[in-house]
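Structure first, commentary second.
Just so it is clear, the model here is predicted, and its values are computed rather than measured. Numbered from 1 within each chain, the chains take letters A, B, ... in sequence-line order.
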Amino acid sequence: MTDFEIEPIGYDPSVVEARWRSSWAERGTHRTDIANGERPFYALMMFPYPSAEGLHVGNLFAFTGCDIYARFQRLQGHTVFEPLGYDAFGIHSENFALKVGKHPMDLIPSNIRNFRRQLDRAGLMVDWSRSVDTTQPDYYKWTQWVFLQLYKQGLAYKKAAAVNWCPSCKTVLANEQVEGGTCERCGTVVEQRFLEQWFFKISDYAPRLLKNLETLDWSPTTVQAQRNWIGKSEGAKLRFAVIDPLVDAGSSAVSVTTEMRGMTAQIEVFTTRPDTIFGATYLVLAPEHPLVEQLTTPNQDGVVREYRARSSKQDLISRKTTKEKTGEFTGSYAVNPATGAMIPIWIADYVLMEYGTGAIMAVPGHDERDFEFAQKFDLPIPRVVAGEGQDAHTPFNGAAYVGDGVLVNSGEFDGLGVTEGKAKVTAWLASKHAGEGVTNYRLHDWCISRQRYWGPPIPIVYCDDCGTVPVPESQLPVVLPNIPDFKPDDSGISPLARHEEWYRTPCPTCGKMARRETDVSDTFLDSAWYFLRYPSVGRDDIAFDATITKKWLPVTTYIGGNEHAVLHLLYSRFITMVLHDAGMLDFEEPFAKFRAHGLIIRDGAKMSKSKGNVVNPDDYIEQWGADSFRTYLMFLGPFEEGGDFRDAGISGVKRFLDRLWASVRDCDHAAAAEDEVNRKLHATIKKVGEDVPALSYNTAIAAMMEYMNALRKGERKTARAEVEPLVQMVAPFAPHVAEELWEMLGHKTSVFDSRWPVYDPSLLVSDTIELVVQVSGKTRGKLVVSKTITQDEALAAARADASIGKFITGEPKKVILVPGRLLNVVL
RNA sequence: GCGAAUGUGGCGGAAUUGGUAGACGCGCGGGACUUAGGAUCCCGUGCCGCAAGGCGUGUGGGUUCGAGUCCCACCUUUCGCACCA
């Protein structure tokens, strides 16, 4: 190497990165001082499921985004805690184990080893001394403990209920795990089954889960998703008296009173339009409604029975996608409490048992679905709301009228607006004991039982004498046994139920032989509290330490995928609220700030195994280094929107890091920063310092590249003062090479123990500005002028400039000067 | 169907409160250094045009001295919810 010219411009990432990986490990650079660290900052990322395929680029995209944020906060002087663990229980792991014929207890540890290897190479600032693995007894002991806390609060209960059953996964699913009638996991059409299940009363918390959303600094899309899911709607619960079919069947009476004899039952409906009750001409029950049997008259029995059988068997897909209305008349009638009219009771599958009361009053004139149904079955369609230009007799033009208007054909309420009508009609019906105003939520209780093997056993014992007995906390964990035959079957009973040696246990209360609960809990319970565990990892006497928790939580920033907007994120909020109410936490919202990241696609298409366009991080890290890979991932689009991964793009990022490396290597340690460059440097410090906390990583990188270009313009020799701050700014993105360069600059400690550079605002202002000159709104050029130039001076200068002046052909009608920016001469 | 986004060069994407559209990167063209270059460095690169100049942010209107940005209507794509009474 005799000549400066032939020295390589680039650095070898494999050497540099290996060197710093071991240095960080040796020096404990990523270890967080939980007990004494000042200005704690808890940067959380969603922990991955350790699949056999290894780390997905989407995982790495999310982790890197979080890592950059965390490293930046560290450079701001925070003690940052960035933990990561494994969400390894659950159906996904178990199904894969079944597929490859291995036991999950063997499979998961090897998957985790592989994940750990990949994660180590990614350059994350993760404190591995405080990790969690949800499948370890020292973790799920506390998951079971969480269950017991809910049980103690009366928020965990068991009931036989119609639940979603996935025939392929052979287990029940929570509502949140059913997507459009299919299993979110395997896509199989979900069936309804009637089974005994454990539920958490999350519905009790619906109003609070909804209200607190207003106070959270979360991505708006996530907040909106939760709001929709909780699904608040204001309306009324109304009661319709049923006329005894035996007494009144075949009666031709059109009008009856509520005092009439023979009333056997009442039907409760939920409606958001109590104002339209005068137009309710029939009732509809969901086919599986418990009253249907009782209401069906002998001559309708056959068709009703057949319809119910058909709709229970019919897959939910066709039921939810076909708009075609079907239904059957039960033969019974009820009394409309407003009109006193006798109205028929139908069953139809467009009414869902899961929502409201499973029954509706049908107002065909003012509800599209009811209209369609009434037309098909030739039921009366009266008008009770008149819109603009309509009156009580305006005919329907082939569609229901769902707009605003005034009530008509509604007795004493005629003429009231819809809003006022709702309130007055509800009050009137309440005075007649026919109903009351209620708020209804779409959110259902969370079904947590799973008839599977790979999860934490639910810590409950059933004793013939004592009944349902929770396992005492001192006897936790209830260890999941290693059984060879963990395959689920169609019976609706967990594989653990085949192991008497496991489930037979003395009753914790009386000591008599009893039977353990053989269901395990939903994976989402594991992840609903893991963030509470991280700072307290190592404490085996308690789930989370009060002092440490007070110091570190709520989580300062949580970054994750929006696919968990209604599952994990809602459950975590719920569990946190419950523990707060039990006096164990002094906050009720776990995540102060949440940001949803975008998705990575590849060459304009979604990545998928079948398309063969999946990015394997290992290959890219091998070829380009983790620093370039990380930086490229952040550069390809806005972090919160995701981006399009194209192989060609990564070279530009590597080139940038190479140039930086060369600039540092060749820099002049003694020279002062050149004025022009220094100004640019301070503008860059400002820009990057604002972009990074806003997660605008792509523009932050662009700004640093721009500065790099300015730095090298004219093949000049750079000064140390010009590159040193750039090394710090690059550090969150490319931590390995930044450490290397920091060391090359003579520092003995980690760049992450340095302080983020501070910009000098006085360098960002200058006395002269570039004034854009427009003539009649068209840009004709620009002038370098004094910042304080007046309108007249600017106009004169524009006239004097040859290329601009020629466009100013006459006397201007109007002249507009935007100080410091632009001059528009209107002719 | 409902709701939320989105639409800018050949491509990924930038653009304070309305104020130089296309930053940064890829790709492409030219040059330098080279036995060589898929390395590196320099210059150029929205479209049309020799030029002067004109035209350009999904489409059509509008507000304004001035619109990618604001308003109205429509279209595209994506995501979420999907008979929720």
B:rU17: pairing nucleotide in any strand, Watson-Crick or G-U under 3.5 angstrom: none
Under 3.5 Å for both donor-acceptor distances, Watson-Crick or wobble: does B:rU63 have a partner, and if so which one? none
Who pairs with B:rC74 - Watson-Crick or G-U, where each distance is under 3.5 Å: B:rG58
Checking B:rA82, B:rC41, B:rG12 against the side chain of A:Arg659 (C-beta onward), the nearest is B:rC41
Would you mind classifying the nucleic acid contact of A:Ala225 as base, sugar-phosphate or nothing, using non-hydrogen atoms under 4.0 angstrom? nothing
When the P atoms of B:rG56 and B:rU69 are considered, how many whole Å apart are they? 14 Å
A:Asp658 CG to B:rA39 P: how many Å, rounded? 12 Å
Euclidean distance, atom CG of residue A:Asn698 to atom C1' of B:rG22 [Å, nearest integer]: 15 Å
Is the glycosidic torsion of B:rG9 within 90° of 0, making it syn, or is it anti? syn
Look at the aromatic rings of A:Tyr11 and A:Trp661 and report parallel, tilted or perpendicular, splitting at 30° and 60°. tilted
Pairwise C1' distance, B:rC74 and B:rU6 [rounded to whole Å]: 16 Å
Determine the Euclidean distance between corresponding C1' atoms of B:rA23 and B:rG9; express it in Å to zero decimal places. 14 Å
State whether A:Asp627 and A:Lys654 are salt-bridged, where the test is any N-O pair (Lys NZ or Arg NE/NH1/NH2 against Asp/Glu carboxylate O) under 4.0 Å. no
Do A:Arg442 and A:Tyr355 meet the cation-pi criteria used here (NZ or CZ under 6.0 Å from the six-membered ring centre, within 45° of the axis)? no
A:Ala702 side chain, from C-beta outward: closest of B:rC81, B:rA85, B:rC24: B:rC24
Classify the ring geometry of A:Phe629 against A:Tyr620: parallel below 30°, tilted from 30° to 60°, perpendicular beyond 60°. parallel
Starting at CH2 of A:Trp624 and ending at P of B:rG25, how long is that distance when rounded to a whole Å? 15 Å
Applying the Watson-Crick and G-U wobble criteria at under 3.5 Å, what pairs with B:rU6? Answer none if nothing qualifies. none
A:Leu822 side chain, from C-beta outward: closest of B:rC11, B:rG19, B:rG54: B:rG19
Side chain of A:Lys778, heavy atoms from C-beta onward: which of B:rA23, B:rG54, B:rU16 has the nearest atom to it? B:rG54
Determine the contact category for A:Arg646: base if any of its heavy atoms lies under 4.0 Å from a base atom, sugar-phosphate if only primed atoms, P, OP1 or OP2 are that close, otherwise nothing. sugar-phosphate
For A:Thr272 and for A:Val826, find the nucleotide of RNA chain B with the closest heavy atom, then tell me which residue's nucleotide is more 5'. A:Val826
A:Leu636, nearest nucleotide to its side chain (from B:rG12, B:rC81, B:rU20): B:rG12
What is the distance from CD1 of A:Ile600 to P of B:rG12, rounded to the nearest Å? 14 Å
Does A:Lys325 make a cation-pi contact with A:Phe373 (under 6.0 Å, within 45 degrees of the axis)? no
May I ask you to evaluate whether A:Ser651 reaches the phosphate of B:rA39, defined as a side-chain N or O under 4.0 Å from OP1 or OP2? no
May I ask you to say what A:Arg602 touches in the nucleic acid, namely base, sugar-phosphate or nothing, with a heavy-atom cut-off under 4.0 Å? nothing
Taking a pair as Watson-Crick or G-U wobble with both distances under 3.5 Å, which nucleotide is matched to B:rG1? B:rC81
Starting from the C-alpha separation in whole Å, work towards a yes-or-no answer on side-chain hydrogen bond (donor to acceptor under 3.5 Å, both in side chains) for A:Ser786 and A:Thr788. CA-CA 5 Å; A:Ser786 154; A:Thr788 56; 3.0 Å; yes
If you find the nucleotide of RNA chain B closest to A:Met705 and the one closest to A:Thr271, which residue's nucleotide is nearer the 5' end? A:Met705
Across all strands shown, which nucleotide pairs with B:rG27 by Watson-Crick or G-U wobble geometry, both distances under 3.5 Å? B:rU45
Between A:Phe377 and A:Trp346, what is the ring plane arrangement, given parallel below 30°, perpendicular above 60°, and tilted in between? tilted
Using whole Å, report how far CZ of A:Phe635 lies from P of B:rA14. 10 Å
Closest to the A:Lys806 side chain: B:rG53, B:rA23, B:rG54? B:rG53
With C1' as the reference atom in both, quote the distance from B:rG66 to B:rG19 in angstrom, rounded to an integer. 7 Å
Please report, rounded to the nearest Å, how far the P atom of B:rC24 is from the CG atom of A:Leu657. 17 Å
Sugar-phosphate, base or nothing in reach of A:Phe807, heavy atoms under 4.0 Å: sugar-phosphate
From the candidates B:rU20, B:rA15, B:rG12, the one with an atom nearest any side-chain atom of A:Thr699 is B:rA15
Classify the nucleic acid contact of A:Glu641 as base, sugar-phosphate or nothing, counting any heavy atom under 4.0 Å across all strands shown. nothing
Donor-acceptor check, side chain of A:Tyr307 to backbone of A:Thr326, threshold 3.5 angstrom: yes or no? yes
Indicate, with a heavy-atom threshold strictly under 4.0 Å, whether A:Asn709 touches base, sugar-phosphate, or nothing. sugar-phosphate
By the 4.0 Å heavy-atom rule, please label A:Asn824 as base, sugar-phosphate, or nothing. base
Counter-base of B:rU34, judged by Watson-Crick or G-U geometry with both distances under 3.5 Å: none
Any N or O donor-acceptor pair linking the side chain of A:Gln774 to the base of B:rG19 at under 3.5 Å? yes
Side-chain contact check for A:Asp644: nearest option of B:rC26, B:rG54, B:rG12 is B:rG12
Could a donor-acceptor pair under 3.5 angstrom be found where the side chain of A:Lys813 meets the base of B:rC65? no
With heavy atoms under 4.0 Å as the rule, sort A:Pro638 into base, sugar-phosphate or nothing. sugar-phosphate
A:Arg712 side chain N/O closer than 4.0 Å to the phosphate oxygens (OP1, OP2) of B:rC41? yes
If you check the A:Arg655 side chain, which of B:rA82, B:rA21, B:rC41 turns out closest? B:rC41
Rounded to whole Å, NZ of A:Lys814 lies from C1' of B:rU64 at a distance of 9 Å
Between C1' on B:rU20 and CG on A:Leu771, what's the gap in Å once rounded to a whole number? 11 Å
From the list B:rC24, B:rA85, B:rU20, which nucleotide is the closest neighbour of the side chain of A:Glu706? B:rC24
Please check this pair: side chain of A:Thr64 against backbone of A:Arg630, looking for a donor-acceptor N/O pair closer than 3.5 Å. no
